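Since the model is a prediction, treat every value here as computed from it, not as a measurement.
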Amino acid sequence: MTTNNDVLIKVDNLHKYFDDIEVLKGISTEIRKGDVIVIIGASGSGKSTFLRCLNRLEEPTGGHIYFEGTDITDPKTNINLHRQKMGMVFQQFNLFPHMTVLDNMTLGPVKLLKKSKKEAQEKAMALLERVGLADRADAYPSQLSGGQKQRVAIVRALAMDPDVLLFDEPTSALDPEMVGEVLDVMKTLAREGMTMAVVTHEMGFAREVGTRVVFIDEGVIVEQGAPDEFFDNPKSPRLKDFLSKVI
Amino acid sequence: MDQIFEKFYNTVIAEDYWMMLLQGLGATLVIAFFAAIIGIVLGFLVAMVRSTHEMTLRGKKCRSFGEVILKIIDKICGFYITVIRGTPMLVQLMIMYYIVFASSRNGMFAAILSFGINSGAYVAEIVRAGIMSIDKGQFEASRSLGFDYKSTMIHIILPQAFKNVLPALGNEFIVLFKETSVAGYVAIMDLTYMANLIISRTYDAFFPLIIIALMYLLIVLLMTFFLKKLERRLRNSDH
């Protein structure tokens, strides 16, 4: 059994309204250290909203989110400090176009973590080396391919030494031939023990490295479980229906 | 031919009229320069208020005292822009001179302030549009790294917005520079006023008007040149 200390993120009865529409209807779950949670669901199911609530890019309407024991939904919490520990990777990459790859990666560590420029650059170069992009350190984002952009976005998040990485459909905006290179980076991270929450349509990724797969539909968690059981033996009709359409 | 030389002599060389024109140009440049500075500062501040309101509060209920204050200031800024853009520059200038500064009749100060306040409204709208044109994802990426609203603005949003709005800003300052030609209405001896003065003394409009037109044009060409240079430099730091 894992102890309570291993729980990195605890979500308690999370609700989210957009105007009058209830997008999340009470979601509770836990993410433990080293977990790779893969969140799947149809578009409009609320899975991205759920992920974006975890670092409060979307303000939850109700419920609580505890990150490393702190209630980050408490208005008195300084969310900026906690976000430093929660990296996020976006569907549209969102690299800063007016900065080089290296500057994209060192901005946070230098300004927020107060690292020296040299130290931040060394760390950034080491990370770029790992994803095979060291030679593109001085390039601008517009000079990179989609797959390269997303790999840079991942290492930009890693440069902050986060305790968890949130991925919001990281491969959905990529050309098919570039999906593999991004997934490879993510798989390596997962195997190295990085805690991850991934919203994706890549079922292969979910099966291969996911520790738990969560199916969200109409704002609630309908079913969740270990990948093998989840995919081979789905129980709810809605999950069966969804899987039959995507696999 | 001799007639033209004589006209030129009578309206430009004689009585040191050309000196008057240069003095007028000096006054025009002083008004435009200081008005532009006021316009930039004022416009930037108003743009920050309006875009912050637009991004964080639009259509939402205020949840704290600070948000109520922001909403009120935003309303004031909106009113300012509406009034300034909805009334003629000359009327604003005359209100400033004949009503606000009625007791002192300090024409120069009234003009600088009036042109500055006018320009600020246009700068505010340009900068606000520039900020709002930046993809929301840029904002989210910066916030997700842990930057607060202010740092996100300084490091991520404003550098990109500034580059996007530079042509429009340059255009605004060219318009401002030319619009100072109405300053003569409040007894400022600007370039246009001086030309008028020479015409009233010599009863000959040709050279004074053509010469000041060329002077305005020359300054605008210089401004355009430096703007293009700045634009190119900003583009080089990016792709």
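Using a 4.0 Å cut-off between a side-chain N of Lys or Arg and a carboxylate O of Asp or Glu, A:Glu122 and A:Lys117 do not qualify as a salt bridge. Classification of A:Lys85 and A:Glu68 as a salt-bridged pair fails, no side-chain N sitting under 4.0 Å from a carboxylate O. Salt bridge status for A:Glu58 with A:Arg56: absent, with no side-chain N to carboxylate O gap under 4.0 Å.
A:Leu81 does not touch chain B: none of its heavy atoms, backbone or side chain, sits under 4.5 Å away. Interface remark: A:Met160 contributes side-chain atoms only to the contact with chain B (heavy atom separation under 4.5 Å).
Donor-acceptor pairing under 3.5 Å is lacking for the side chains of A:Thr200 and A:Glu169.
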Derivation of the salt bridge (charged side-chain N to carboxylate O under 4.0 Å, His left out) call for A:Glu59 and A:Lys16: CA-CA 8 Å; A:Glu59 281 302 334; A:Lys16 173 69 184 173; over 6 Å; no
Side chain to side chain contact (heavy atoms under 4.5 Å, CB included) assessment of A:Met186 paired with A:Leu183: CA-CA 5 Å; A:Met186 292 169 62; A:Leu183 286 181; 4.3 Å; yes
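Residues that satisfy the ring-ring contact (aromatic ring centres under 6.0 Å, His included) test with A:Phe96, not counting sequence neighbours, are absent from this structure. For B:Phe109, the ring-ring contact (aromatic ring centres under 6.0 Å, His included) partners at least two apart in sequence or on another chain are B:Phe101.
Interface summary for chain B: among A:Arg156, A:Met86, A:Gln92, the most heavy-atom pairs under 4.5 angstrom belong to A:Arg156.
A distance-only check finds no donor-acceptor pair linking the side chain of A:Glu181 to the backbone of A:Val131 [under 3.5 Å]. With hydrogens and angles disregarded, a donor-acceptor distance shorter than 3.5 Å links the side chain of B:Gln92 to the backbone of B:Ile84.
Inspection of non-hydrogen atoms places B:Asp135, B:Lys136, B:Gly137, B:Gln138 of residues 128-139 of chain B under 4.5 Å from chain A. Taking 4.5 Å as the heavy-atom cut-off, the residues of residues 140-151 of chain B that approach chain A are B:Glu140, B:Ala141, B:Ser142, B:Arg143, B:Ser144, B:Leu145, B:Gly146, B:Phe147, B:Asp148, ordered by number.
Shown here is B:Lys71, whose NZ atom has more than 12 heavy atoms of other residues, nucleotides or ligands within 6.0 Å.
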